[in-house]
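Presented below is the structure to which this report refers.
Quick caveat, the model's predicted, so the values are computed rather than measured. So that the names make sense, note that chain A is the first sequence line, chain B the second, and so on, each numbered from 1.
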Amino acid sequence: MRTISYGQAINEALAEEMDRDGDVILYGLDVAAWGGIFNITKGLLERFGPERVFDSPISESVMVGAGVGAAIMGLRPVVELQYADFILVAGDEIFLKAGMWRYMHGGAFKVPLVVRLPSGATGAGPEHSTCPEAYVMHSPGLLCAVPSTAADAKALLKEAIRLDNPVMFFEHRRLYQKRDEVPEGDVTLPFGKGVIRREGRHVTVVAWQYMLSRALKAAELLEQEGIEVEIFDPRTLSPFDSGTLIESVKKTGACLVVEEGYRRLGVGAEIGAILMEQAFGYLDRPFRRLAIPDVPMASVKPLVDRVLPSVEAICDVCRELAA
Amino acid sequence: MRTISYGQAINEALAEEMDRDGDVILYGLDVAAWGGIFNITKGLLERFGPERVFDSPISESVMVGAGVGAAIMGLRPVVELQYADFILVAGDEIFLKAGMWRYMHGGAFKVPLVVRLPSGATGAGPEHSTCPEAYVMHSPGLLCAVPSTAADAKALLKEAIRLDNPVMFFEHRRLYQKRDEVPEGDVTLPFGKGVIRREGRHVTVVAWQYMLSRALKAAELLEQEGIEVEIFDPRTLSPFDSGTLIESVKKTGACLVVEEGYRRLGVGAEIGAILMEQAFGYLDRPFRRLAIPDVPMASVKPLVDRVLPSVEAICDVCRELAA
Amino acid sequence: MIQNDRLRDIFAKALLARSFEARLIKLTAEGFLPPLLHPGAGQEVAQIAALSALKRDDPVLYSHRGVAYMIARGTSLSAMIADMAGRAGGTNNGKGGIMHVVDLPNGIYGESGTLGGGLVVSVGMGMALRRRDPGRVVVHFFGDGASNRGTFHEALNWAAVQKLPCIYICENNGWAVSVPTSVSTAVENIADRAAGYGIPGVVVDGADPDAVMAAVANAARRARAGEGPSLIEIKATRLLGHYAADPQDYRADAASVAQRDPLAALRRRVIELGLLDEAEIEAMTAAHEAEIDLAVEAVKAAPPLDADQAFTDLYA
Amino acid sequence: MIQNDRLRDIFAKALLARSFEARLIKLTAEGFLPPLLHPGAGQEVAQIAALSALKRDDPVLYSHRGVAYMIARGTSLSAMIADMAGRAGGTNNGKGGIMHVVDLPNGIYGESGTLGGGLVVSVGMGMALRRRDPGRVVVHFFGDGASNRGTFHEALNWAAVQKLPCIYICENNGWAVSVPTSVSTAVENIADRAAGYGIPGVVVDGADPDAVMAAVANAARRARAGEGPSLIEIKATRLLGHYAADPQDYRADAASVAQRDPLAALRRRVIELGLLDEAEIEAMTAAHEAEIDLAVEAVKAAPPLDADQAFTDLYA
Ligand SMILES: Cc1ncc(C[n+]2csc(CCOP(=O)(O)OP(=O)(O)O)c2C)c(N)n1
Ligand SMILES: Cc1ncc(C[n+]2csc(CCOP(=O)(O)OP(=O)(O)O)c2C)c(N)n1
Ligand SMILES: [Mg+2]
Ligand SMILES: [Mg+2]
């Protein structure tokens, strides 16, 4: 199968969906003439014209709020916020408008809105570096995708655009260049269905996006020590595929969540609570979390590296759990 | 000891701290002439004058952002957002400015800001009814208080005003009229120290604010059935007093968190994860959570009551856990 | 000048809105309805005049002040009462109460409970109209207080630079709850802010339905022609409190304000013009009361919403 | 007209800023520094002229475009390099890089990384100055792009209605990354937006330091006298890309823009005025390069920050 990058996969998904459905529009900062500051929307302006692909003012509240307005009137807007952190700049619009407009009007509207959110630590400082999935996962009315491979990025984005509910679509910037096999043609993936990326019997590790690549590396290293790590990639966080996870934990009896968000009330907290409620008898070792230790992301690399869960840290915890 | 209402207690705390320190200022919508739409700031304009107590435009970004600016320049602003939900309207300012201004400038500043946040379900609809503590607890740089009694409200608010870090101060609207014994004089409470509100040996229930009153009622009912519930009120969520909680769980072996926030990634998720990590051997029954079942708060009372954890639901879970 | 039948219609609807709102307030005082209504008394004439300059299906995002927007469009009275009362037959299944009335066939697209939240939503509605339904226009009502939200600025700039078919109507009633506009707002006329977006900004007297209609008609013509948005400021009169039981201690003009009632002025005018006489108005009022009675009875007879409605309508 | 020694000083600082920034770009290309700088080339003269109209301790919230603000105030060059490089001796211990330089003795109060975030912070700074330190004034720089954030509106309205000692300087360089101002902004002159807040709004040419200084001096006088804020729009020229390595494919004038360099114009002027001759300017440049060399060496000799700095400076 051909390999393309995660960024290209997203570009393809956008192009295919815009081709398929004239109601899909795309806007954001620098997405048109430039093709996106991360080069994800290259060529789309040329292909679909300025009525459907356009640059916007630096007005995050409108970027998201107008997405809601356009969606309730029948368009299917795809909005790029330049950094995922900016969901908090458009907080009312993301959480109280996109998440609630349908509910508070008694289901009169559909809100087929996709907000693309480049995330992750690249040394761009506290306000341009985070993985704020937890804010979204906490909030009713929003779906949340966290694709980890090029193939998933494409398939989940195509699905997101077709869904009638608002989707916060996290794209990890450190993955944009990563190449993977991506099938040609119209492939989608359902939300709420995770995948076992690697099988193993000693410990279940939950990880996605950039942390998934670290978890996979750790698993390779641990294999040489005879520790078999099973790795679960949830693909979407809302909805979250607790079924597959619980099956895995039933087998391994131990669970570690590795994430790039803040630790306190990070995604791992919910996973821990789910396990405690629903897999209580099966876990025979303490649940563990590796995450950002509740400090903002600094600007210089060594400080960033200091707080990102490392391959070694993952190995260490897995060793403890497997001991 | 005299009894005063929770609302009066907050008013007293404000008056005493403004008396003590000329740098304390107070502003927000309707806080001056009206005395606050919940009547909490009555009399303060008259006493401290329009330079220190003033009404603001409906500009939540400035309300919070100016609080940060005033705080870094030596004032100690107390800002009232009219509804706690509006932390999301001022998302950049709460999470990325108040929480991070000090950090990202290498500690050059102190941010002695208090944001007062009337919270809780009173049928005012999806955008005016929530208890959004989890967003705050997830975010580095912010402290978070959730006083449950008049005495605590006064003592914690006085402490909050004196702290050099930004405090999100949640005031539950259903408690404003509740009267309690409040000592006269200059009493403060440290952040990060919870309190056992009732002792018991069968189940530990964690609850605060309005849900604490329901938990206490449930405990009384359960007492008649011979079930002894221990109730832990954390008083502040950031920092969170896990030490006292773990001691309690070591004794009871079971834990239920009752909260008025959304369930998924609610405060209970973090508490569950903490217990799983730090009290794993002591819990001998599944961890349980009662919370808002991941829907927005509707506008009409029966629908609101349907999703608020009820005394009966608390009793039921405690019975299961005690069985 | 508004044609006579149009003027008579505006008056009739404003009269109905006033009676209906008075009933809602009464039902609130009696405990049948929750105290969540922000009375629009004093602002109905302008609200209805504004909407009468538009087509029935031009989408409206309304402001929280009163019910006249819905009356103008013909939304069912009983549905609105049911929304407040939490009975079956409402428009939003208990989710949104009177703040989020929705009536798509009549172009009522609801409201943002956070002030200013609708401004940004309206921009996207304008985008969609232009693309899918050219010639239609979205109108958004909001207060002077809400005009100080940042969303006002972002929305008007965006709508202007993209020449979207949007009409922004600011009802400046001089108050945001207890805060006078002069305390919160650096300009006397909100309409002056139009200069920051290169769009027309006009001030009209909320007691002058001709002026209101003309301004909105002009804005609509521009919008439909692809010339972009307009900002219209209605100088409005809030006759009652922020909410019905507001003691209004902060308000010096609380007693005298009734003399500035635009509906009373319009009543005098329709009589002077010979469109209606006192007897006809009384008959009209009686008919309205009867219509309201029926609506109230229907709601009282309707079952309460199933509490499990709390769980529906979240995801499509 | 600016006095000669003042003009000479502005030129010298702008020259230093240009050389220093060029060195930072070189060090970035060499991999010693991360590629996070937004070059200010073309905007230094106006930035420095603006600050030279204020007192040294009047607090500044700077914009992300370049380093001239700090040069104007005398912030240590090596400290700024250290901030970028993650070495000891910087101003923010690795937390903020070049985006969050802080130098309180010189009135540098940092920056919000979210555009427009500083606008609202400045309002509170103005409140505090008025109360604790009357006569001082806070100045906030921001771009044309940032002027479309809602915070612009909220901040200017609030500062205006409370007559706070704030100066708002919008550097309109015609671009927000790749988006021309005409695509994003409904008015040609950002200064026209002052009308929405009842404050003075003036446009000045960023190549004319006299005009910039005069406008800022006038705004400062007003602010110090309790007359409230002003909005000053500097028509600015972004000589380079949004960031140093920006290919600028989107930009038709990329090749010709160098001819509009305000620093080159000022250079001609100081020579014409006889304030400096070519030889003196060359000597000055050489001295700057030597100063920069020293700063770079100092940083290269400094130890890297302890990675555990990630954990400090969060709570007071
Ligand atoms: C963002 C936000 N802030 C505050 C409120 C609370 N609130 C509801 S109505 C109101 C006053 C609004 O004043 P204005 O916009 O002038 O409208 P009016 O009530 O005068 O019709 C306030 C402060 C809110 N709903 N949303
Ligand atoms: C709220 C927010 N949106 C987007 C960005 C990303 N961003 C950084 S600089 C920039 C362009 C700013 O343009 P302008 O304000 O005109 O300043 P200039 O770069 O031209 O000096 C953008 C979009 C940001 N930092 N913050
Ligand atoms: Mg008003
Ligand atoms: Mg610019």
- Message: Please classify the contact between A:F287 and chain B as side chain, backbone, both or neither, with a heavy-atom cut-off of under 4.5 Å.
- Response: both

- Item | When B:K97, B:E93, B:M297, B:E277 are compared by non-hydrogen pairs under 4.5 Å with chain A, the top option | B:E277

- Query: Given the options A:D284, A:T130, A:I292, A:I87, which has more heavy-atom pairs under 4.5 Å with chain B than any of the others?
  - Reply: A:D284

- Query: Which heavy atom of A:P296 sits nearest a heavy atom of B:Y103, and at what distance?
  - Reply: O-OH, 3.4 Å

- Note on the structure: If one checks every heavy atom of A:A279 against chain B at 4.5 Å, the contacting part turns out to be neither

- Item | Residues which pass salt bridge (Lys or Arg N to Asp or Glu O under 4.0 Å) with B:D85, listed by chain and number, not counting sequence neighbours | none

- In terms of heavy-atom contacts, B:L283 and A:F280 come closest through O-CZ, 3.5 Å

- Query: Does any heavy atom of chain A fall under 4.5 Å from the side chain of B:S238, the backbone, both, or neither of them?
  - Reply: side chain

- Message: Among B:A298, B:S299, B:G141, which residue has the highest count of heavy-atom pairs closer than 4.5 Å to chain A?
- Response: B:A298

- Where along residues 252-272 of chain B does a heavy atom come under 4.5 Å of chain A, listed by residue number? B:Y262, B:R263, B:R264, B:L265, B:G266, B:V267, B:A269, B:E270, B:G272

- Heavy atoms only, distances under 4.5 angstrom: which of B:P286, B:P126, B:G125, B:A273 has the most pairs with chain A? Name it, please. B:P286

- Query: Is chain B contacted by the side chain of A:I274, its backbone, both, or neither, given a heavy-atom distance below 4.5 Å?
  - Reply: both

- Query: Is it the side chain or the backbone of A:R289 that comes within 4.5 Å of chain B heavy atoms, both, or neither?
  - Reply: both

- Between A:M137, A:M276, A:E60, the one whose heavy-atom pairs under 4.5 Å with chain B are most numerous: A:M276

- Evaluate the side-chain proximity of B:H138 to A:H138: yes if any heavy-atom separation is below 4.5 Å, no if none is. no

- Task: Could you have a look at B:A90, B:S61, B:S139, B:G99 and say which one has the most heavy-atom pairs with chain A under 4.5 angstrom?
- Result: B:S139

